[in-house]
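For reference, the structure discussed in these notes is given below.
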Amino acid sequence: MTEPFDAVDVIRTKRDGGALSPAQIDWVIDAYTRGAVAEEQMSALAMAIFLNGMDRAEIARWTQAMIASGERMDFSGLSRPTADKHSTGGVGDKITLPLAPLVAVFDVAVPQLSGRGLGHTGGTLDKLEAVPGWRAALSNEEILAQLDDVGAVICAAGSGLAPADKKLYALRDTTATVEAIPLIASSIMSKKIAEGTDSLVLDVKVGSGAFMKDRDRAGELARTMVELGTDAGVRTVALLTDMSTPLGLTVGNALEVRESVEVLAGGGPSDVVDLTVALAREMLDAAGRPDADPAAALRDGRAMDVWRRMIAAQGGDPDAALPVARHTEDVLAEADGVLTTLDAYAVGVASWRLGAGRARKEDPVQAVAGIELHAKPGDEVRAGQPLLTLHTDTPERFARAREALAGAVVVTAPGELDGFAARERTVVLERVAG
Ligand code: URA
């Protein structure tokens with residue numbers, strides 16, 4: 001086959017700060033998916049995009065080309081509206097687990113096509129696989145049947161959805177080109193638009209544990225994704241939420257499932273409950289259910305009922321005991337004072353080193369590994385009190401996990417608290433709508 005463009009010319013255009021034409025974009029995505037553009041050429045192009053950016057028209061076309069690389073799902077045959085949530089990834093971010101069944105209580109179908117963790121952020125599928133018997137891989141027919149019956153499904157995105165993104169994401173991960181706004185926005189939105197949801201709520205994380213460390217860049221990412229969704233006919237809203245410290249009191253697969261079940265039972269840490277309810281309200285509003293009361297459905301057990309049916313429908317046993325680590329070690333407070341820093345990124349890396357995450361996508365994860373938090377920023381602590389408990393089945397990992405935590409836990413003496421705002425529990429920082 002004769003190719004209409006030369007990959008080197010496309011790379012040179014972007015390297016020199018030019019805009020790619022629609023035809024160049026369509027070709028380069030298609031040719032890369034079929035293997036006619038080599039990995040080293042795409043990695044050079046990704047780096048040129050990282051350095052020189054893309055304008056709005058380029059990002060929209062790039063997203064469309066990635067959608068066109070695969071299949072589109074169709075939920076239009078369902079009797080209820082669909083709403084989905086996507087998080088840009090954080091530490092202790094288990095929100096999908098209570099959120100999907102919670103929104104389904106109100107007769108909204110929630111198709112959560114999710115991924116696995118890579119690097120310091122956890123993956124929803126890895127978390128749910130801690131539930132004995134639970135199965136992540138479903139066919140499109142099984143997804144539709146479960147949405148019809150239970151209303152919520154959390155499962156692996158099939159290989160047919162935006163295959164160009166799957167290839168490109170793996171390449172970006174190994175070439176330091178993940179944190180580029182055009183590439184993140186097109187990656188996330190191509191999958192969500194191809195999935196065919198009616199409405200989408202984006203949870204854009206800001207802070208040390210997020211891809212976007214600063215608020216301005218996170219805001220730009222949120223606005224870019226909201227525009228892409230809105231232009232594609234998907235009702236899209238984004239919340240900018242805090243990821244400077246982990247969400248909740250657990251990080252790691254089985255530990256996060258345990259905490260999610262506490263939230264579904266009407267308890268759980270307030271930041272997890274608040275964010276779950278805030279995202280549920282946005283999804284329910286977008287799906288035409290503005291009067292729904294998600295907080296009540298957590299308290300009265302309706303969300304728990306849907307959770308149990310959702311887990312059972314995928315072979316999981318909602319009553320089975322979750323696995324527990326064979327080894328634990330505590331990290332103690334060194335002095336009396338107030339916990340002023342508990343850095344999300346460091347806790348994520350430590351949890352990963354304990355075995356909760358993977359370095360390569362084919363690595364296994366330990367369901368039991370992770371970290372329990374006994375205090376959050378703003379809490380008063382006493383010298384010798386456990387601040388964290390590290391969990392793993394492989395105790396030789398403790399030393400490296402402790403190294404990751406060096407400098408990440410700061411206790412400040414009461415007299416030296418100048419500049420530390422008293423306990424600030426606001427998780428939602430800003431709302432971005434189309
Ligand atoms: N999540 C994605 O799906 N893609 C990105 O590029 C970053 C986060």
Side-chain angles (χ1 to χ4, degrees), residues 29 32-33 42-43 45-51 53-54 58-60 62-67 69-70 73 84-91 93 95-96 111-127 136 154-195 197 200-214 217-226 228-229 232 234 236 238-241 243 344-345 348 352 357-358 361:
I29 294 285
Y32 176 59
T33 311
M42 192 50 128
S43 66
L45 182 58
M47 186 57 82
I49 293 169
F50 183 99
L51 295 172
M54 290 207 277
E58 287 177 288
I59 301 174
W62 187 274
T63 306
Q64 287 303 330
M66 294 220 290
I67 295 169
S69 72
M73 293 194 62
D84 192 3
K85 185 265 323 189
H86 183 86
S87 158
T88 56
V91 178
D93 183 3
I95 301 294
T96 296
Q112 283 286 173
L113 306 189
S114 304
R116 295 182 187 281
L118 199 60
H120 75 281
T121 63
T124 299
L125 302 180
D126 296 328
K127 294 173 198 186
I154 303 175
C155 65
S159 55
L161 216 58
D165 177 63
K166 287 208 172 58
K167 240 183 129 179
L168 182 56
Y169 191 75
L171 179 72
R172 288 166 55 212
D173 205 48
T174 55
T175 55
T177 50
V178 169
E179 303 93 333
I181 288 174
L183 295 176
I184 297 177
S186 56
S187 165
I188 291 175
M189 294 308 293
S190 62
K191 287 174 286 202
K192 292 291 147 184
I193 296 167
E195 174 195 293
T197 183
L200 174 66
V201 177
L202 296 160
D203 180 1
V204 179
K205 301 290 186 197
V206 191
S208 78
F211 286 125
M212 294 294 140
K213 315 285 180 209
D214 84 85
R217 300 244 314 141
E220 193 187 330
L221 175 63
R223 281 187 294 280
T224 306
M225 292 196 289
V226 168
L228 286 171
V234 181
T236 310
L239 298 184
L240 255 55
T241 73
M243 188 32 69
Y345 178 71
W352 171 33
R358 52 172 68 76
K361 61 182 187 313

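One-based numbering, in listed order, for ligands and for the atoms of each.
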May I have the N/O to N/O pairs between ligand 1 and the protein that fall below 3.5 Å, each with atom names and distance to one decimal?
| from | atom 1 | to | atom 2 | distance (Å) |
| --- | --- | --- | --- | --- |
| ligand 1 | 3 (O) | Lys191 | NZ | 2.5 |
| ligand 1 | 4 (N) | Ser187 | OG | 2.6 |
| ligand 1 | 6 (O) | Arg172 | NH1 | 3.0 |
| ligand 1 | 6 (O) | Arg172 | NH2 | 2.9 |
| ligand 1 | 6 (O) | Ser187 | OG | 3.4 |

Quick check: closest heavy atoms across Arg116 and Arg358, and the distance to 0.1 Å?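 It is CB-NH1, 3.4 Å.
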Nearest heavy-atom neighbours spanning Ile188 and Thr88: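 Reported closest heavy-atom pair: CD1-CG2, 3.9 Å.
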State the NE2-OG1 distance between His86 and Thr96, to the nearest 0.5 angstrom.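 Answer rounded to 0.5 Å: 9.0 Å.
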Any sub-3.5 Å donor-acceptor pair from Lys213's side-chain atoms to Ser208's backbone N or O?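 Yes, the answer is positive, given that a donor and an acceptor are paired below the 3.5 Å cut-off.
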Taking Leu200's backbone N and O only, do any of them form a donor-acceptor pair with Lys192's side chain (distance below 3.5 Å, no angle check)?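 No; judged by distance alone, with no hydrogens or angles, the pair does not exist.
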Could you point out which residue of Thr124, Thr197, Asp84 forms a side chain to side chain donor-acceptor pair (under 3.5 Å) with Gln112?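 So, applying the side chain to side chain donor-acceptor pair (under 3.5 Å) to Gln112 and each of Thr124, Thr197, Asp84, only Asp84 qualifies.
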